[in-house]
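Notes to accompany the following structure.
Computed from a predicted model, the values in this text were never measured in an experiment. Protein chains get the first letters and strands the later ones, always in sequence-line order, with residue 1 at the start of each.
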Protein chains: 2
Amino acid sequence: MTFSEENYLKTIYHLTTASDSEVSTNAIAERMETKASSVTDMLKKLAEKDLVNYKKYQGVSLTSAGKSEAKMIVRKHRLWEVFLVEKLDFSWDEVHDIAEQLEHIKSEQLINKLDDFLDNPTEDPHGDPIPDREGRIVKIEKQLLSELSENQVGVCVGVKDTSSEFLKYLDKQEIALGSKIEFLSRESFDLSLRIRVDKKELTISNKIASNLFVKLL
Amino acid sequence: MTFSEENYLKTIYHLTTASDSEVSTNAIAERMETKASSVTDMLKKLAEKDLVNYKKYQGVSLTSAGKSEAKMIVRKHRLWEVFLVEKLDFSWDEVHDIAEQLEHIKSEQLINKLDDFLDNPTEDPHGDPIPDREGRIVKIEKQLLSELSENQVGVCVGVKDTSSEFLKYLDKQEIALGSKIEFLSRESFDLSLRIRVDKKELTISNKIASNLFVKLL
DNA sequence: ATTAATTTTTAGACAAAACTAAAAATTATA
DNA sequence: TATAATTTTTAGTTTTGTCTAAAAATTAAT
């Protein structure tokens, strides 16, 4: 399997799990910053290899073979992210691009040894679940901070947007995985939220709140 | 820089440092298990980028830019090998193929953090020197076991052949980096050597002895 | 229900890196 | 020093993954 094929599978996996349906050629092209015609070419190739279900003009989904390949790529990506943050002391906004490269390294033994070395983590530094060696994913129940009602309290368990920009903002506000977040009040005018993070009170926009996952206490 | 370009630079680096002269198209082709015509194509491209000195029919050498690129690839390869052996518990005969992939990961920050994480090793698991972040190499004086004279004593500091086959043979004989090796006697008929490794006496062929580096005590 | 807009696919081209086969240059040999 | 053998380069293909432009299919709008 080539890097390019792996990238397509991974993208299709993310898009289909997010929307829980078939995904369009254009959606893939947009996410991968490539042209629709290139996507069509690759879909044909992946269909030929029985990694995707593809019918012209009908969108694509992964076959079970494709899905398990995709999960292994996601597994590698997220394990390497844990390594970079936990062992090499990278911050959570710096690891994505490097993990994009590392996820293509081919060696099952390597990834399983890495998994053990990291003590078999179940989530990456952004709170996303890491598939185990059989592809199983332990899903934690979490919800967006923006969906809480006043006075509910949760722990930050993940981020929806993993852009460097957003993550740096969180660092600045001292919001990290594990931070206790209390929903104090909602400003009806702009939907901004008053929250308490650990000891400190602050105001965040609704956009921020709808990119932060919390687990209710 | 593409993977392929990096592989060519690395090969040229190894061949030129071994022979200390220009290297021929055929030598590169043979080492890389490719065709001479493919090598010629790539040499033109590398010359275009000022990474090699190339004149038709005259062989090639690295420019200083090419050499420093090559050293960085070697640095990455060897640091990853240390990681695999020291941290992930691979044996020294298993790491080469994985390091061949990892050496192409692009991030200076990554490799420098890895270097620190490993406590800035100066040699890889086969005893080969690891260039530092400026490309400096600390060369240790070492010689082939086959070049010793009777009753000299050394410590195993490296291997010339790094094939899995040879390394497994050494494991079987319990010869490792750091083993104390006493040259007891030479059999003139087949040039085989009687040696003592740590406490145990054994006989090894001249071929084995000429692939083992020792440092005299 | 046609027409218009959008999406998707096809067709043809291109760059990278490999290959084969043949030509050219170099080196070795008689 | 001719000629033979070897090495290296050139020329022309192939494969992979991308692109543009145009055609075809689908979806939206009047």
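Remark: B:Lys87 is positioned above the aromatic ring of B:Phe117, its terminal NZ or CZ atom under 6.0 angstrom from the ring centre and at most 45 degrees off the axis.
Rounded to a whole Å, the NZ atom of A:Lys35 is 11 Å from the C1' atom of D:dT18. Straight-line distance from the CG atom of B:Asn26 to the P atom of C:dA24: 19 Å, rounded to whole Å. Rounded to a whole Å, the NZ atom of A:Lys49 is 8 Å from the P atom of D:dT16. Whole-Å rounding puts the B:Tyr54 OH to D:dT7 C1' distance at 12 Å.
A:Arg186 places a side-chain N or O within donor-acceptor distance of the main-chain N or O of A:Ser146, the cut-off being under 3.5 Å.
Between A:Ser38 and D:dT18 there is no side-chain polar atom (N or O) within less than 4.0 angstrom of OP1 or OP2. Residue A:Lys56 has a polar side-chain atom (N or O) positioned under 4.0 Å from OP1 or OP2 of C:dT10.
A donor-acceptor contact under 3.5 Å is formed by the side chain of A:Ser37 with the base of D:dT20.
Closest approach to the B:Thr40 side chain among D:dT9, D:dT18, C:dT26 is made by D:dT9 (side chain taken as heavy atoms from C-beta onward).
Ring orientation note: the planes of A:Phe166 and A:Tyr169 are close to parallel, at an angle under 30° on the 30°/60° scale.
Contacts of A:Tyr8 with the nucleic acid, taken as non-hydrogen atoms under 4.0 Å apart, involve only primed sugar atoms and P, OP1 or OP2.
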